[in-house]
Structure formats: structure tokens, C-alpha cells
Amino acid sequence: MAARIRKDDLVMVRSGADRGRTGKVLAVYPDKQLVLVEGINVKWKHIRPTERNRRGGRIQKPAPLPLGKVQPVDPTTNKGCRVKFVVRDGQKHRVAAKTGADLGVVGRA
């Protein structure tokens, strides 16, 4: 089945602490049903001092979200949208369900 959310898409978070925020997809993990979004669900990681990293400290790192918590952003309305697939000129396109705006080519039909 074709992916409704892909790398470099602009997505909006539907629920949770970051609800309503948008960000760019950095990675998609389809086997685990997770997505990594830039600037969303940022967690602190504590680093122990070692030979290589003498200081240690804390860094912020984005953590993955479940795929069901994000939606692609419709380019015409700048809101979250559902996705449907349409075949045009022998290629499969992802399309916003309400407005029909093209979200990108998936591949050959």
C-alpha cells in the first residue's frame, strides 16, 4: 500500500502536547508505524561524560510520533487533510480529499 505520509512532507499534529503545530517529516518508520517530525515531540537526552565527550550534558532530540497522530497539510488551506490517491497520466498522485490539491507523486500506477 502506498504511503500517505512521506519524507519531506509538511504535517500537522492532531493530538497531544504539540497539537496544532506543523513541521517537516525527517523520517518515516513504516514497520513501527512511527514518524519523526522536525521540532515536534522534542525530548531531553542526558549524555554521560566519556573519553570522547569530556563534558557530557543535555541535548534536545526529536522523538518519533505514531503515524495516526499526524496529518499532511493541504497547501491551499494550510490545515490538516485526509489523503486519497488518483491516477493521472499513468502516475499515482496523493491528493487532498476535500480540495483536490496535489500532495505529490507516489509512483507508477
Side-chain angles (χ1 to χ4, degrees):
M1 186 170 158
R4 295 178 190 279
I5 296 175
R6 305 185 77 172
K7 186 177 176 183
D8 296 329
D9 278 355
L10 188 64
V11 294
M12 182 182 80
V13 180
R14 295 174 49 189
S15 64
D18 292 318
R19 180 180 180 176
R21 293 182 59 198
T22 59
K24 183 178 151 188
V25 174
L26 300 175
V28 178
Y29 307 107
D31 53 335
K32 297 179 183 176
Q33 296 288 306
L34 296 173
V35 63
L36 190 66
V37 183
E38 183 177 34
I40 305 292
N41 198 26
V42 178
K43 304 292 181 189
W44 285 102
K45 178 159 175 69
H46 298 265
I47 298 185
R48 182 182 303 272
T50 62
E51 285 291 322
R52 181 182 295 171
N53 180 15
R54 291 197 184 271
R55 292 187 59 189
R58 294 174 22 171
I59 60 169
Q60 284 189 311
K61 197 173 174 184
L65 290 167
L67 269 172
K69 287 191 175 242
V70 296
Q71 272 185 319
V73 172
D74 187 344
T76 57
T77 62
N78 287 329
K79 293 182 180 178
C81 67
R82 292 190 315 252
V83 177
K84 67 180 182 179
F85 296 95
V86 176
V87 177
R88 295 183 192 148
D89 303 324
Q91 289 186 327
K92 193 183 227 184
H93 291 258
R94 291 180 304 144
V95 175
K98 279 189 179 178
T99 62
D102 194 14
L103 300 175
V105 177
V106 176
R108 292 186 160 191

Distance-minimising heavy-atom pair for [X] and [Y]:
X: Thr76; Y: Ala101; answer: CG2-CB, 4.0 Å
X: Ile40; Y: Arg21; answer: CD1-CB, 3.6 Å
X: Ala96; Y: Thr99; answer: CB-OG1, 3.6 Å

Show, in sequence, the C-alpha distance, side-chain angles and deciding distance for Leu67 and Tyr29, and conclude whether the side chain to side chain contact (heavy atoms under 4.5 Å, CB included) test is met.
CA-CA 9 Å; Leu67 269 172; Tyr29 307 107; over 6 Å; no

Flag, side chain of [X] to backbone of [Y], donor-acceptor distance under 3.5 Å:
X: Asp89; Y: Gln91; value: no
X: Arg94; Y: Leu103; value: yes
X: Arg4; Y: Val83; value: yes
X: Asp9; Y: Val11; value: no
X: Asn41; Y: Ala63; value: yes

State, yes or no, whether a side-chain contact exists between Leu65 and Leu34 at a heavy-atom distance under 4.5 Å.
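Heavy-atom side-chain distance check fails, nothing below 4.5 Å.
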
Heavy-atom side-chain contact between Val28 and Pro30 under 4.5 Å:
yes

Please step through side chain to side chain contact (heavy atoms under 4.5 Å, CB included) for the pair Val95 and Phe85, ending with a clear verdict.
CA-CA 6 Å; Val95 175; Phe85 296 95; over 6 Å; no

Could you check whether Lys24 pairs with Asp8 (Lys NZ or Arg NE/NH1/NH2 to Asp/Glu carboxylate O, under 4.0 Å)?
yes

Presence of salt bridge, Asp18 and Lys69, under 4.0 angstrom
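No.
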
Rounded to the nearest 0.5 Å, how far apart are [atom1] of [X] and [atom2] of [Y]?
X: Thr22; Y: Glu38; atom1: OG1; atom2: CD; value: 10.5 Å
X: Lys61; Y: Ile47; atom1: NZ; atom2: CD1; value: 8.0 Å
X: Arg58; Y: Lys45; atom1: CZ; atom2: NZ; value: 13.0 Å

Exceeds 12 heavy-atom contacts within 6.0 angstrom, atom CZ of Arg88
yes

Decide side chain to side chain contact (heavy atoms under 4.5 Å, CB included) for Val73 and Met12; before the verdict, give the C-alpha distance in whole Å, the side-chain angles of both, and the deciding distance to 0.1 Å.
CA-CA 6 Å; Val73 172; Met12 182 182 80; 4.0 Å; yes

For Val37 and Val13, run side chain to side chain contact (heavy atoms under 4.5 Å, CB included): C-alpha distance rounded to whole Å, both residues' side-chain angles, the deciding distance at 0.1 Å, then the answer.
CA-CA 9 Å; Val37 183; Val13 180; 5.7 Å; no

